[in-house]
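Because the structure is a prediction, the values reported are computed rather than measured. Letters A, B, ... are given to chains in the order of the sequence lines, protein chains preceding strands, and every chain is numbered from 1.
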Amino acid sequence: MGLYDFLNDEQYQAVTHGSGPLLVLAGAGSGKTRVITHRIAHLIRECGVSPYRILAITFTNKAANEMKERVARLLDNEYNDVWVSTFHSACVRMLRRFCSGLGYDTNFAIYDTDDQKRAMKDVLRHLNIDVKQFPPKQVLAVISKAKNELIGPEDFRSSDIGRTCDRNIARAYTEYQEFLQKNNAFDFDDLLMKTVEMLQTNHEALAYYQDRFEHILVDEYQDTNTAQFELVRLLATHINRDGEPEHNLCVVGDDDQSIYSFRGANIRNILDFEKTYPDATVIKLEQNYRSTKRILEAANAVIKNNMGRKEKSLRTDNDEGELVRVTEYPSDLDEAKEIVREIGKQVRDGHSTYSDYAILYRTNAQSRAFEEQFVYSGIPYRLVGGTNFYERMEIRDMLAYLRVIENGNDAVSLKRIINVPKRGIGDTTVDRVDDYAYVKDIALYDALCNASDIPSLGSRAISGIRKFTEMIDSLRAMLSGDGYHLPQIIDDVLAATGYEEDLTAQEPEKASDRMNNITELKNKLAQYEQQADQPSLSGFLAEVALVADIDSIDSGSDYVVLMTLHSAKGLEFNHVFISGLEDGLFPSCRSIESDDPGLSEEEGIEEERRLFYVGITRAMQSLMISYAVQRMTRGEMQFNRPSRFLSELPREVTKKSIAGGSSWSDRNSMRGSAGRYGGSYNSGSYGSNSAGRSNSYGSGSYGNRSAGRGGSYGSGSYGDSSSGRGDYYTSGGYGNRSAGRSDSFGYDSDSSSYGSSRKPAGSASSGNVGGSYRSPYTKPTTPAPVAASASALGYGVGDRVKHIKFGIGTVRSITAGTHDYEVTVEFAAGVKQMLASFAKLVKVD
DNA sequence: ACGCCGACCGTCCGA
DNA sequence: CGGTCGGCGT
């Protein structure tokens with residue numbers, strides 16, 4: 001069996017393309033992974049390219065592993081040193097080698113969202129910026145956006161993003177980057193931005209990788225952001241044997257599946273590939289091997305409503321298949337109940353197994369209803385996403401210990417575990433040490449080691465701190481001992497800290513679960529040690545930081561999979577349920593309201609539509625779409641209109657129905673209770689927004705508002721829009737649910753349900769955040785006056801001053817430190833050197 | 001220093 | 001509804 005046997009013409013062309021840039025526009029299910037793997041095999045086997053000189057970048061670790069396996073299989077396991085990884089792990093690898101030029105050590109930490117928030121809180125506190133006015137999360141969102149655009153703190157102010165922001169954001173950005181560097185840590189966005197910076201400034205590094213990578217292949221190219229684009233562009237210049245520069249860059253993607261603009265992905269990267277590389281070859285793969293004709297027709301019909309896409313239309317030789325089913329349920333509960341019941345029934349009928357099924361939804365919050373039903377019915381399921389293993393409290397604690405042992409500069413992790421279990425080092429103590437470290441411009445850990453020099457600390461605190469640092473030091477010493485195995489560190493940490501005992505004491509019921517998780521972590525460490533080329537603690541920590549939940553789903557076991565539409569990208573299932581097709585949920589209210597100034601409303605909706613397209617095209621044999629009339633959101637009952645996308649499905653391939661749902665009494669009680677949830681018909685504002693654009697949801701589209709049960713649902717119940725389709729619902733009533741929709745419900749336009757405080761950080765007024773200069777130092781724990789100048793201290797050399805502990809003394813000298821003044825005072829107890837802002841010296845006459 | 005309680009608040013999507 | 005966090009009371 002040859003390498004090319006199962007390739008169609010277009011695939012063959014892509015696989016055997018010679019040198020130079022290549023863009024493969026691969027529609028959903030058109031075999032793009034096959035093209036990449038076969039191309040790698042082709043390059044190695046037929047073109048004599050060394051596997052070592054090939055870099056393949058995928059979106060997830062799971063995809064990377066799959067790709068590695070498939071390439072190995074094609075090559076009879078002859079080669080395994082093709083570099084296949086995600087963008088982020090590739091960056092980590094490059095940074096490990098060359099980051100010293102950026103002022104980082106190779107054992108750097110990688111900060112996730114939670115770490116970032118903690119770090120930002122510290123930063124804002126030091127800058128005396130009010131976190132109420134500038135929530136860390138929002139500040140971080142702006143910074144993330146800048147980083148994705150490769151805008152560093154220096155260029156931020158003059159950038160498009162920075163110009164529209166409060167200058168406090170710029171201050172925070174600068175300080176945050178300094179903080180990260182002091183902590184020897186990168187956040188996710190840094191991994192990309194800093195790698196680009198490294199390649200731009202370090203010519204040795206750039207030359208090394210440009211020379212090494214003769215061929216670069218990028219999967220899911222439509223989801224790359226500017227930083228990733230630039231990274232690829234930098235790397236993809238190779239000098240060939242004739243001394244000519246070549247760009248052997250093969251990117252594969254589908255602009256219709258671009259769904260990550262919220263994290264900076266720029267769809268222009270794929271649309272403008274030919275502008276960047278005018279000599280690029282473009283190949284379209286339009287033959288779909290995955291779905292039935294009807295499913296594909298639905299997908300095509302939906303996506304063609306988007307403007308500005310590369311024209312293409314998928315075709316398939318597969319069977320016609322079943323009709324796409326669209327079902328209305330009275331409530332989210334009924335939706336979950338019925339879908340789970342349906343899966344159980346189909347599997348019992350013997351035509352399928354649980355692993356044939358996936359339930360997809362827009363937001364993770366929707367998973368709960370399904371989970372409950374699965375637990376209740378005893379059907380095996382697996383939830384992808386949400387809180388993953390590494391986000392569990394006990395795992396984060398253990399990892400924080402490991403991180404501190406590995407990298408003492410990591411103050412975020414240090415603060416997490418310094419008093420866990422409780423060892424008498426409370427918040428005040430930590431704040432005091434932190435302030436001292438900040439003023440002295442040293443690492444928090446180093447400040448802890450010098451705790452006895454910190455005047456504000458009591459002796460209890462000092463001895464507690466000493467015990468702590470001694471413990472960390474000894475753990476660190478153990479780790480570097482000869483023949484030490486990594487998993488052992490878990491036991492040693494547990495033993496040294498008494499963590500398990502504390503766990504048992506704190507929450508006896510959960511303790512054993514949590515300990516099992518810790519054991520699981522130990523197993524992962526053992527597994528890592530065996531499989532890694534050069535195992536190290538920092539290597540493990542990096543791997544852990546970069547795993548996604550999706551990486552762990554295996555196709556071997558038999559369970560239904562639950563995940564978001566985003567997570568589903570790149571996967572396929574025989575039977576797919578897409579739930580929650582309601583305006584405000586899918587498309588999300590954020591995309592409808594488009595508060596994002598960088599994104600027009602239509603762009604937001606188009607991305608949602610692409611997401612729907614991704615969902616539809618996951619299905620191989622059958623597709624079931626559903627929505628609920630009422631849905632519990634944030635403890636509040638909401639009534640949403642059916643999604644506008646539903647009207648885009650061609651009626652010829654769909655079959656619509658209204659499910660009765662739960663029992664009469666249930667429904668009555670629901671209806672009865674509906675009245676209590678006043679004013680939450682949150683898409684109300686949509687009506688007026690859209691008035692000019694479409695007539696689809698005008699008044700009356702819900703038909704007989706007050707009709708009794710059994711009354712017609714009215715024509716054009718969803719989308720009587722331009723297509724002229726409609727009147728699907730001629731009978732079957734869930735008629736008077738619209739009681740809740742009567743005018744008394746009110747279209748409350750300032751709908752509290754979706755957050756009235758969603759003001760972008762940038763537009764927040766600058767407020768009362770002090771002067772325009774950063775004060776040299778403000779003691780955060782007390783609102784003490786700022787010691788901004790020597791005269792502001794209120795005393796000078798020679799003055800007699802009073803100290804809270806040492807009493808009266810005479811000032812001998814005052815010198816300016818990094819952030820503050822060091823004051824030397826002669827007390828009766830001796831000469832003390834102290835920092836002005838700590839000592840709170842008061843002049844006495 | 002620490003625990004408890006009430007206010008708040010948010011939440012999309014994710015490497 | 002559920003988690004987080006700051007304030008307050010020991």
Choosing from [options], which nucleotide comes nearest the side chain of [X]?
| X | options | value |
| --- | --- | --- |
| A/Phe188 | B/dA15, B/dT11, B/dG14 | B/dA15 |
| A/Arg590 | B/dC2, B/dA15, B/dT11 | B/dT11 |
| A/Lys121 | B/dG14, B/dT11, C/dC5 | C/dC5 |
| A/Arg368 | B/dC2, B/dC12, C/dG2 | C/dG2 |
| A/His566 | B/dC2, B/dC12, B/dG14 | B/dG14 |
| A/His88 | B/dG14, B/dA15, B/dA1 | B/dA15 |

Near-parallel close stack of A/Tyr260 and B/dC13 base (under 5.5 Å, under 30°):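 Taking the rule of under 5.5 Å and under 30°, the ring of A/Tyr260 does not stack on B/dC13.
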Parallel, tilted or perpendicular, as decided by the 30° and 60° cut-offs, for the rings of A/Phe586 and A/Phe645: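 The arrangement is perpendicular - the two ring planes meet at more than 60°.
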Stems involving DNA chain B, each a run of at least 3 consecutive Watson-Crick or G-U pairs under 3.5 Å: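 Consecutive-pair runs (3 or more) involving DNA chain B: B:1-10 with C:1-10.
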Would you say [N] has OP1 or OP2 under 4.0 Å from some side-chain N or O of [X]?
| X | N | result |
| --- | --- | --- |
| A/Thr633 | B/dT11 | no |
| A/Thr564 | B/dG14 | yes |
| A/Asn225 | B/dA15 | no |
| A/Ser567 | B/dG14 | yes |

A/Arg263 to A/Tyr260 six-membered ring, cation-pi geometry met (6.0 Å, 45°):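 Yes.
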Pi-cation contact, A/Phe108 with A/Lys194 (under 6.0 Å, within 45°):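 No - A/Lys194 does not lie over the ring of A/Phe108 by the 6.0 Å and 45° rule.
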From A/Arg403, A/Arg396, A/Arg118, residue fulfilling salt bridge (charged side-chain N to carboxylate O under 4.0 Å, His left out) relative to A/Asp112: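 Of the listed residues A/Arg403, A/Arg396, A/Arg118, the salt bridge (charged side-chain N to carboxylate O under 4.0 Å, His left out) partner of A/Asp112 is A/Arg396.
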First encountered from the 5' end of DNA chain B, between A/Gln116 and A/Gly426: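 Nearer the 5' end of the strand: A/Gly426.
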A/Lys137 or A/Ala461, whichever maps to the more 5' nucleotide of DNA chain B: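 Closer to the 5' end of DNA chain B: A/Ala461.
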Round to a whole Å and report the spacing from [atom1] of [X] to [atom2] of [N].
| X | N | atom1 | atom2 | answer |
| --- | --- | --- | --- | --- |
| A/Ile259 | B/dC13 | CD1 | C1' | 8 Å |
| A/Leu231 | B/dA15 | CG | P | 18 Å |
| A/Ile465 | B/dA1 | CD1 | C1' | 13 Å |
| A/Gln638 | C/dC1 | CD | P | 15 Å |
| A/Asp223 | B/dC13 | CG | P | 17 Å |
| A/Leu140 | B/dA15 | CG | C1' | 16 Å |
| A/Glu543 | B/dA15 | CD | P | 15 Å |
| A/Asn364 | B/dC12 | CG | C1' | 9 Å |

Distance alone, cut at 3.5 Å: any donor-acceptor contact between the side chains of [X] and [Y]?
| X | Y | value |
| --- | --- | --- |
| A/Thr226 | A/Glu149 | yes |
| A/Gln177 | A/Lys147 | yes |
| A/Gln222 | A/Asp255 | no |
| A/Tyr499 | A/Asp397 | yes |

What does [X] touch in the nucleic acid at a heavy-atom separation under 4.0 angstrom: a base, only the sugar-phosphate, or nothing?
| X | answer |
| --- | --- |
| A/Asn419 | sugar-phosphate |
| A/Thr429 | sugar-phosphate |
| A/Ser588 | base |

Ring centre gap for A/Phe59 and A/His88 strictly below 6.0 Å: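 Between A/Phe59 and A/His88, the centre distance exceeds or equals 6.0 Å.
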